[in-house]
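Quick caveat, the model's predicted, so the values are computed rather than measured.
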Amino acid sequence: MSTPPTNSNKNSKLPTPFSLRLTFEERAALEQSAGNRPLGAYIRSKLFGGTEAPRKRRSRTRKPLKDEKALGELLGKLGESRLASNVNQLAKAANSGSLPVTPDTEKALQNACDDVRTMRILLMQALGYYSSEV
C-alpha cells in the first residue's frame with residue numbers, strides 16, 4: 001500500500017496537488033463537456049461519480065461573460081440615465097409631501113421604468129439568459 005501524499009510544509013492541512021498533462025484536443029473535449037463548471041470540479045465528479053467531498057464555493061466563474069458588448073451598453077444606459085440621482089430626488093420629494101402628481105411626473109417615472117426594463121434585458125443578454133433583441 002502506498003502512503004497518502006503530504007506537503008513538505010508541516011503546517012499545511014491541504015494535500016499536495018496532482019498534475020495531469022493533456023493534449024490540446026483532450027483538454028478542449030473536457031472543457032466542452034464541463035460547460036460552465038470549473039474543469040477541476042468536472043473531472044472530480046467524473047472520477048468519483050458524484051461522491052467527492054463538497055468544496056468551498058468561490059464567487060467567480062471559470063468562463064467570461066457571454067456578451068461584453070451588451071454589458072457595455074448596460075453601463076452606458078446606467079451612466080446616461082442619472083437613475084440613482086433621480087430616484088433619490090423623487091424619494092425626498094415624496095417623503096416631504098411635495099411631489100406633485102402631474103403628467104410630467106408620470107412621464108418621468110414611466111421613462112425611468114422603461115430604462116430599468118431595458119437595462120434588465122441587456123444584463124440578461126450579457127449573462128446569456130435572454131437571447132431576443134431589445
Residues in salt bridge (Lys or Arg N to Asp or Glu O under 4.0 Å) contact with R27, at least two apart in sequence or another chain: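 If we apply the salt bridge (Lys or Arg N to Asp or Glu O under 4.0 Å) test to R27, skipping adjacent residues, the hits are E31.
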
Path from F24 to L39 over hydrophobic side-chain contacts below 4.5 Å: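 They do not share one cluster, since no chain of ILVMFWY contacts under 4.5 Å joins F24 to L39.
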
From R37 atom CZ to I43 atom CD1, the distance as rounded to the nearest 0.5 Å: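 Going from the CZ atom of R37 to the CD1 atom of I43 covers 10.5 Å.
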
Inter-residue atom distance L30.CG - L20.CG, 0.5 Å rounding: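 It is 8.5 Å, given to the nearest 0.5 Å.
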
Student check: side-chain heavy atoms of S85 and Q89 closer than 4.5 Å: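 Yes, at least one pair of side-chain atoms sits under 4.5 Å.
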
Residues which pass side-chain hydrogen bond (donor to acceptor under 3.5 Å, both in side chains) with D114, listed by chain and number, not counting sequence neighbours: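 In terms of side-chain hydrogen bond (donor to acceptor under 3.5 Å, both in side chains), with neighbours along the sequence ignored, D114 is linked to Q110, R117.
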
